[in-house]
Amino acid sequence: MKEMQTTYNPRDFEDRIYAGWIEHKDFHARIDQKKVPFTIMMPPPNITGQLHMGHAMDETMQDTIARFRRMQGYSVLWLPGTDHASLATEHKIVEKLREEGIEKESLGREEFLRRAWEWKETYGGKIISQLKKLGCSCDWDRLAFTLDEKCSRAVREAFFRLYRKGLIYRGSRIINWCPDCGTALSDEEVAYSEDAGFFWHFRYPVKDSDEFVTIATTRPETMLGDTAVAVNPADKRYSALIGKTLILPLVGREIPVVADDYVDIEFGTGAVKITPAHDPNDFEVGLRHNLPMIRVMNDDGTINEEGGKFAGLDRYEARKRIVAEMEAAGLLAKIEPHAHNVGHCHRCNATIEPIVSKQWFVKMKPLSKPAIDAVVKNKTKFIPDRFAKIYFNWLENIRDWCISRQLWWGHRIPVWYCDCGEVICSVDTPSVCPKCGGTHLVQDEDCLDTWFSSALWPFSTLGWPEETEDFKYFYPTDVLVTGYDIIPFWVMRMMFSGIEYTGKVPFRDVLIHGLVRDEQGRKMSKSLGNGIDPLEIIEKYGADSLRLSLLTGVAPGNDTRFTDAKVESSRNFINKLWNASRFVLMNAKGEKPMKFEEVKLQPADRWIISRLQSTIREVTVSMQKYDLGIAADKLTDFVWNDFCDWYIELSKPALYGEDPERRRSALGVLFFVLENALKLLHPFVPFVTEEIWSYLPGKRSGIIAADYPRYNTKLAYKKEAKAFEGVIELIKTVRAMKVAVECPPSKKVHLFLVTDSKRLVTVNKNSILRLAGASEIDFISAGAEAGEKTMSQVCELGHLFVPLGELVDLEEEKARLEKELDRVMGEIARAGGKLANNNFVAKAPKKVVDDERAKLEKYIDMKAKLEKQLEELS
RNA sequence: GGGGGCAUAGCUCAGUUGGUUAGAGCGCACGCUUCACAUGCGUGAGGUCACAGGUUCGAGUCCUGUUGUCCCCACCA
């Protein structure tokens, strides 16, 4: 038999263990009508780069849940995949091309796409190998990619269905335009930040008069597209101006002064320049007043021919020149510093231009309503549920979704235009125009927002719209695990898409987690350079330590800080588990442990088995509620404190003793508890548990396929366990007494005990002597029998006396007893007060009252004993 | 302007439907070469649960308000 090494060294086995799981197809999901399916769709990481700590946590949570359910006997499908991330990836590739001195346009669509697929192979592959390093038990046979044929087909079908229902339309509206990426964006893809800017006050001359109207603007260059100035109808300062005509400076266009409630009298000058083509509010004003829309900017952010002499200038250069010319013309009234919110491209951070543009949109109102209802009716549940409010907030205020992108890397919009003007939407490429029979059909140049395909992920990956076996068995999915920052982008869109296309909510539960922050609580980001690479941590500490550290002390929905100290303490715990296992195996060497069923259980055995049962129950409940942090806490506490610090130590007299039956019995219990602990831990730390499992005798299949432990009432031994706590307390009492009087731990003391539990103490005598550092225990009927000067302490099992000998200062012992007496008196006052309250006695549950009474009695007894002892010492 | 989170030990955080003396890890103090483990063992110190009210027999937990702090959304041109 191979032997375990003295220290836990994850690098020795993690890769080997993973290869073994793959080889045995342990992750492969099987359609089995005798089993209940359990499905998790992995949020597909973008192929833009590599996994960061946030991914590591997200994936670890999913893997932990998947392994737990698999062991519970569900047919688990955890479907992995990656996202083409249209804009994000295209932006990266364009950047890379620029470094090589190549412009995207010069490559052409086809060549560009070829390179993009190359990129996908490289980075997609990297991500997958990272997932494997982490130990992810996903079904690689079903690996998906948002741009593969299966998903693309689903995208075309979805588009077609919405188009046919009139929920997709094409129109000219104000959209968010990124001049650097050269594409439209959805509202969600714009991030606002407060930037320092200026408020320029310009004078616009009134036609045929010496008067001026002063307007204020933060974007002077848009004045080239002004088609009116608006004032509030209630603003007396301007009432005479309404209806008059102004001459737009630098351009010379005549523009009207209109009255509109939109204008805030208090803000700025109370007069607003109106540029319908470049501002969403102005666009609305323009519609109300029938104003012309003049677009003055090109897609790349330069001024177009409408800008006259400014044509061709970049927007910021034009801004400078316009301000200078206005000043030269005496039309610049003043410049004030002004902080205002500016929209930035989510991907490249360039300043967004609101621009009127012809784009494709999804009508949201009819889709958002059922998505809201589904959560109201609890068909889908958020964990924690406060995120439902955020979800509602988004859906209730949602505007139509701009889905077209002027990009190449993505799903091409399935719409063709015929020379005759016919617009054809079709799942498959049409060859003739159904209206005129013409064959010259040109497909729309644009791509779809990447989230349009992500929205279909829970079912497109299962073959929808085909009624595949996978789809029928595994859909709807059980739980979606993702961060709160993704709710508006993705969760919401999967919800309305799932309901719209499949008639079912895509998942029952949405488990929301927070962000992984750095040690100082800052967001990990590239610009700060404070990101930590999960692979480096795995290299140093092993995947299990990383996993455990990402789950312990974390509550659903809350942000967490990542620190080396946390990984270290996880590593220490795993090392502890490793050594405890090694201890059990070493002691079993050459001998077959007794079958657990045959063991004649001792009190200590019943205690640890009882603790195991409550741990099983608590951990299972926590896992089912997705309280992974709590489950991990309970488990580490059980393994470290109960099993290692107590039970293993308690078992030593039997293991090292002369009685072979006792020895084999102890081993039987040790193996039983260890095996169960390993199973409970496996979802959290799969590698090390699988490795240790392989050393256990008689294990043919992996722990990954083992049955999850079940709570067994027959093994609960509640009463016996409670009684045994008394033994533990006794040992702790002796230790504490020794420390209090600075008696070296190695010095054995003689114990005298007044107790009703002689049998319990006798059975455990050897353990007590060993763990308490005692030489002998004698039962006595009164303290005086222990000698003249003794230390004493009331404990669960009775009254303990230890002769002071020459070691101890009498005063110290008196002080200790007085302190203890103080504490007990406090307790008597508290419990007594409670019980003196008639309301408490009458209204609180009987058990609570009875417990309180028992406590009071116990303390009164302790008080008497303490007082007697103090008297004897003085 | 709207919505939400957080405030508990020196630090980082847990705390289930209100019910023993509010917990953990790290840190700190003291003591241990105890034959699995110093990545360890033992013992301990440390908390008016932000503040003020309220509901209740009973509040860290529920309600109202205040303060501080963070996030999301909207937005004044």
Side-chain angles (χ1 to χ4, degrees), chain A residues 4 6-8 187-188 192 199 215-219 222 230 262-264 266-275 279 281-282 285 338 340-341 384 386-387 389-390 392-394 397 484-485 487-488 514-515 519 521 523 541 545 552-555 557-561 563 565-566 568-587 618 621-622 625 627 629-630 633 636-637 644-645 648-649 652 656 732 735-740 742-746 770-771 773 823 826-827 830-831 834 837-845 847-849 851-852 854-855:
Chain A
M4 290 177 75
T6 34
T7 48
Y8 159 63
D187 294 341
E188 291 74 22
Y192 290 86
F199 223 5
I215 56 92
T217 181
T218 55
R219 292 189 297 155
T222 61
Y262 153 69
V263 181
D264 180 350
E266 305 296 321
F267 189 76
T269 64
V272 186
K273 63 191 266 315
I274 300 297
T275 324
D279 182 279
N281 291 308
D282 292 7
V285 175
H338 180 67
H340 60 139
N341 266 347
R386 64 183 140 93
F387 287 101
K389 289 185 224 166
I390 289 168
F392 292 143
N393 208 276
W394 271 99
N397 299 306
Y484 58 71
D485 50 334
I487 294 172
L515 265 39
E519 197 148 5
K523 222 166 164 170
Y541 298 99
S545 299
T552 39
V554 177
N558 287 3
D559 290 354
T560 176
R561 296 183 194 208
T563 64
K566 270 190 198 170
E568 261 172 46
S569 66
S570 295
R571 189 269 321 269
N572 293 353
F573 168 72
I574 296 169
N575 184 60
K576 187 79 182 172
L577 174 70
W578 180 269
N579 274 290
S581 309
R582 198 162 67 90
F583 172 83
V584 174
L585 284 161
M586 275 170 54
N587 279 287
E618 288 169 353
V621 168
S622 299
K625 285 161 59 186
D627 279 328
I630 291 176
D633 273 356
T636 48
D637 180 56
C644 294
D645 288 348
I648 284 185
E649 295 305 324
K652 282 179 179 174
Y656 302 150
K732 291 182 86 122
R735 286 171 176 170
M737 283 168 107
K738 286 170 91 171
V739 170
E742 288 172 7
C743 167
S746 51
R770 181 186 180 92
L771 299 194
R823 186 183 72 89
E827 288 303 324
R830 192 194 51 77
K834 248 181 156 175
N837 181 341
N838 286 332
N839 275 325
F840 172 71
V841 178
K843 291 187 184 173
K847 187 179 180 311
V848 176
V849 179
D851 286 355
E852 208 58 44
K855 242 183 292 171

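Every chain is numbered from 1, with letters handed out A, B, ... down the list of sequences.
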Between protein and nucleic acid, restricted to nucleotides 2-13 of chain B and to nitrogen or oxygen atoms under 3.5 Å apart, what atom pairs and distances do you find?
residue : atom : partner  : partner atom : Å
B:U12   : O3'  : A:Arg561 : NE           : 3.2
B:C13   : OP1  : A:Arg561 : NE           : 3.4
B:C13   : O2'  : A:Gly553 : O            : 2.8

A:Lys847 and A:Asp851: CA distance, side-chain angles, deciding distance, salt bridge (charged side-chain N to carboxylate O under 4.0 Å, His left out) verdict
CA-CA 6 Å; A:Lys847 187 179 180 311; A:Asp851 286 355; 2.8 Å; yes
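For the pair A:Lys523 NZ and B:C71 C1', the interatomic distance rounds to 9 Å; values are reported in whole Å.
Residue A:Gly514 is classed as having no contact, given no heavy-atom separation below 4.0 Å to the nucleic acid. Heavy atoms of A:Lys738 sit nowhere under 4.0 angstrom from any nucleic acid atom. Heavy atoms of A:Arg219 sit nowhere under 4.0 angstrom from any nucleic acid atom. Contact annotation for A:Pro488: no contact, since no heavy-atom pair falls under 4.0 Å across all strands. Residue A:Trp578 is out of contact with every strand shown, counting any heavy-atom pair closer than 4.0 Å.
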Using Watson-Crick or G-U wobble pairs with both distances under 3.5 Å, give me RNA chain B in dot-bracket, 5' to 3', with [ ] for crossers and | for pairs to another strand.
(((((((..((((.....[...)))).(((((.......))))).....(((((..]....))))))))))))....
Each nucleotide of nucleotides 35-43 of chain B classed B (base within 4.0 Å of a protein heavy atom), S (only sugar-phosphate) or -, in 5' to 3' order, makes -BB-BSSSS
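Taking every side-chain heavy atom of A:Asn837 into account, B:C57 is the closest of B:C57, B:C73, B:A77.
Counted by atom type alone, A:Tyr484 and A:Asp559 present one or more donor-acceptor pairs between their side chains at under 3.5 Å.
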